[in-house]
Amino acid sequence: MKTKTVTLFLVLILVFTFQINIYAQEEVNEIEINEYGGEKLGSIKDFRENSIKGIQKVDVEEYRLVVEGLVENRQEYKYSGLQEKEHIKKLITLNCVTGWSVKALWEGISLTEIFKEVEVKDEANTVIFYSPDGYSTSLPLSFIKENNIILADKVNDVQLPPRQGFPFQLVAEQKYGYKWIRWVNRIELSSDSEYRGYWESRGYSNSANLY
Ligand SMILES: Nc1nc2c(c(=O)[nH]1)N[C@H]1C(S)=C(S)[C@@H](COP(=O)(O)O)O[C@H]1N2
Ligand SMILES: [Mo]
């Protein structure tokens, strides 16, 4: 009886230790880089959390990126399907209108590639992005194509944490932070060039140009 209890206890300790090891391993694999091409990067910890409804927890199995509106070929992408697409890296600084900024290495997929797949109709001139927290924003279709704008699933070489917009954050280079929508789950191709997103309809510039 006593031996049994001791054995059980030892097994439990072993299992516990083993799990700790697994977690330690994961952390080691997910260390963010702090330099790229000789340039110093900011850290994920430097971004301020100022979301309209707090951090969104997205279930990766249930997640779908819906691309619809003025398209021939509406799509619902799974996270795993999007992972298989070609990834591009960009070193870009995010600037919030409130004054803070963070330079980071963003990695993700080209929206222009997705637009080829869904076959955007000629009438479309605006791309509207939506998130589960009720946030939305938009960009001109021509701007996205000309600058090969990406949807990032990685920052500083690590998978986006939930607070950073997992699964995807729009890397709206040259635009203020409020165009960098996080947790994107729906993209609508539209002909409404006057569309105004969450902050844009509350007085912020719709072009949101940094310079
Ligand atoms: N879904 C969603 N995306 C959002 C916001 C939000 O409230 N909800 N805030 C925006 C604002 S104002 C800024 S400055 C950036 C901050 O992004 P960061 O987490 O990369 O710092 O997220 C933008 N994207
Ligand atoms: Mo912001």
Side-chain angles (χ1 to χ4, degrees), residues 39 41-56 65-71 88-115 118 120-153 155-156 160 162-211:
E39 289 202 60
L41 301 176
S43 161
I44 296 175
K45 297 179 201 95
D46 300 335
F47 295 99
R48 318 253 174 103
E49 218 311 284
N50 55 3
S51 312
I52 55 163
K53 283 212 179 89
I55 297 170
Q56 304 296 302
L65 176 65
V66 178
V67 187
E68 60 186 3
L70 296 174
V71 299
I88 303 168
K89 287 185 181 183
K90 292 189 179 203
L91 181 66
I92 297 169
T93 303
L94 180 149
N95 296 267
C96 178
V97 279
T98 57
W100 57 271
S101 65
V102 181
K103 185 192 268 185
L105 179 68
W106 304 91
E107 183 174 348
I109 53 182
S110 158
L111 281 170
T112 308
E113 289 306 310
I114 291 184
F115 293 164
V118 298
V120 176
K121 293 184 181 171
D122 289 343
E123 311 95 88
N125 56 21
T126 302
V127 185
I128 311 175
F129 300 86
Y130 302 89
S131 280
D133 59 351
Y135 197 86
S136 72
T137 192
S138 62
L139 287 173
L141 177 59
S142 56
F143 172 83
I144 292 179
K145 286 183 176 171
E146 282 157 21
N147 296 284
N148 199 15
I149 298 297
I150 63 169
L151 268 185
D153 50 24
V155 60
N156 290 350
L160 288 189
R163 79 153 301 292
Q164 199 58 46
F166 177 84
F168 293 102
Q169 178 171 26
L170 180 67
V171 180
E173 56 191 85
Q174 305 165 46
K175 307 286 185 188
Y176 275 113
Y178 61 87
K179 293 282 180 187
W180 293 55
I181 184 170
R182 283 169 279 158
W183 310 291
V184 185
N185 63 355
R186 187 158 78 88
I187 300 177
E188 181 190 351
L189 277 296
S190 157
S191 59
D192 178 11
S193 54
E194 297 303 305
Y195 180 87
R196 297 186 86 91
Y198 185 87
W199 286 119
E200 294 89 331
S201 62
R202 287 165 176 77
Y204 286 93
S205 148
N206 206 14
S207 58
N209 287 325
L210 284 172
Y211 17 72

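What you see below is based on every heavy atom in this structure, not just the backbone, and it leaves out hydrogens, waters and symmetry mates. Predicted, not measured: the structure shown is a model, and the values here were computed from it.
- The backbone N or O of G54 lies less than 3.5 Å from no partner atom in the side chain of D133, so there is not a single donor-acceptor pair.
- Taking 4.5 Å as the limit, some side-chain heavy atom of W180 sits within range of a side-chain heavy atom of V171.
- The two residues A104 and V155 make their nearest non-hydrogen contact at CB-CG2, 3.7 Å.
- Pairing each heavy atom of I92 with each of W106, the nearest pair is O-NE1, 3.1 Å.
- For the pair I181 and F168, the minimum side-chain heavy-atom distance is 4.5 Å or more.
- The two residues N206 and S193 make their nearest non-hydrogen contact at ND2-O, 4.2 Å.
- Environment of NZ in K145: sparse, with no more than 12 heavy atoms of neighbouring residues, nucleotides or ligands closer than 6.0 Å.
- Side-chain contact between I187 and L111 is present, with heavy atoms from C-beta onward closer than 4.5 Å.
- Judged by distance alone, with hydrogens and angles left aside, the side-chain atoms of E200 form no donor-acceptor pair with the main-chain N or O of T137 at under 3.5 Å.
- Of the possible polar contacts, one joining the W183 side chain to the P162 backbone as a donor-acceptor pair under 3.5 Å is found.
- By the 4.5 Å heavy-atom criterion applied to side chains, F115 and V127 are counted as neighbours.
- At least one donor-acceptor pair under 3.5 Å links the side chain of N156 to the backbone N or O of L105.
- For K179 (side chain) and S138 (main-chain N/O), a donor-acceptor pair under 3.5 Å exists by modelled atom type.
- Residues R48 and C96 form no side-chain contact, since every pair of their non-hydrogen atoms from C-beta on lies 4.5 Å or further apart.
- Classified by interplanar angle (parallel below 30°, tilted 30° to 60°, perpendicular above 60°), the ring pair Y204/Y178 is tilted.
- Under a 3.5 Å cut-off, the side chain of Q174 and the backbone N or O of A172 do not form any donor-acceptor pair.
- Annotation: E194, atom CD; neighbour count of heavy atoms from other residues, nucleotides and ligands within 6.0 Å does not exceed 12.
- Of all the heavy atoms in D192 and N125, the pair that sits closest is N-OD1, 4.0 Å.
- When all heavy atoms of A208 and S205 are compared, the pair lying nearest together is N-OG, 2.9 Å.
- The backbone N or O of L41 sits nowhere less than 3.5 Å from a side-chain atom of D46 that would complete a donor-acceptor pair.
- One distance of note links OG1 of T112 with CG of N147; it measures 9.5 Å at 0.5 Å rounding.
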Check: Where do Q56 and R182 land on the side-chain contact (heavy atoms from CB on, under 4.5 Å) test, with the steps shown first?
Finding: CA-CA 9 Å; Q56 304 296 302; R182 283 169 279 158; over 6 Å; no

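- The backbone N or O of N148 sits nowhere less than 3.5 Å from a side-chain atom of S110 that would complete a donor-acceptor pair.
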Next item on the list: Begin with the C-alpha distance, continue with both residues' side-chain angles, and end with the deciding distance and a verdict on side-chain contact (heavy atoms from CB on, under 4.5 Å) for F129 and Y135.
Entry: CA-CA 8 Å; F129 300 86; Y135 197 86; over 6 Å; no

Next item on the list: Apply the test side-chain contact (heavy atoms from CB on, under 4.5 Å) to residues K121 and L189: give CA-CA distance (whole Å), side-chain angles for both, the deciding distance (0.1 Å), then the verdict.
Entry: CA-CA 8 Å; K121 293 184 181 171; L189 277 296; over 6 Å; no

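- One distance of note links OG1 of T98 with OH of Y176; it measures 10.0 Å at 0.5 Å rounding.
- By the neighbour-count criterion of 12 heavy atoms within 6.0 Å, atom CG of N209 is densely surrounded, having more than that number from other residues, nucleotides or ligands.
- The two residues I52 and G134 make their nearest non-hydrogen contact at CD1-C, 4.3 Å.
- Considering only heavy atoms from C-beta on, K175 stays 4.5 Å or farther from L170 through its side chain.
- Atom NZ of K90 and atom CD1 of I150 lie 6.0 Å apart (nearest 0.5 Å).
- Expressed to the nearest 0.5 Å, how far CG of N185 lies from CG of L65 amounts to 7.5 Å.
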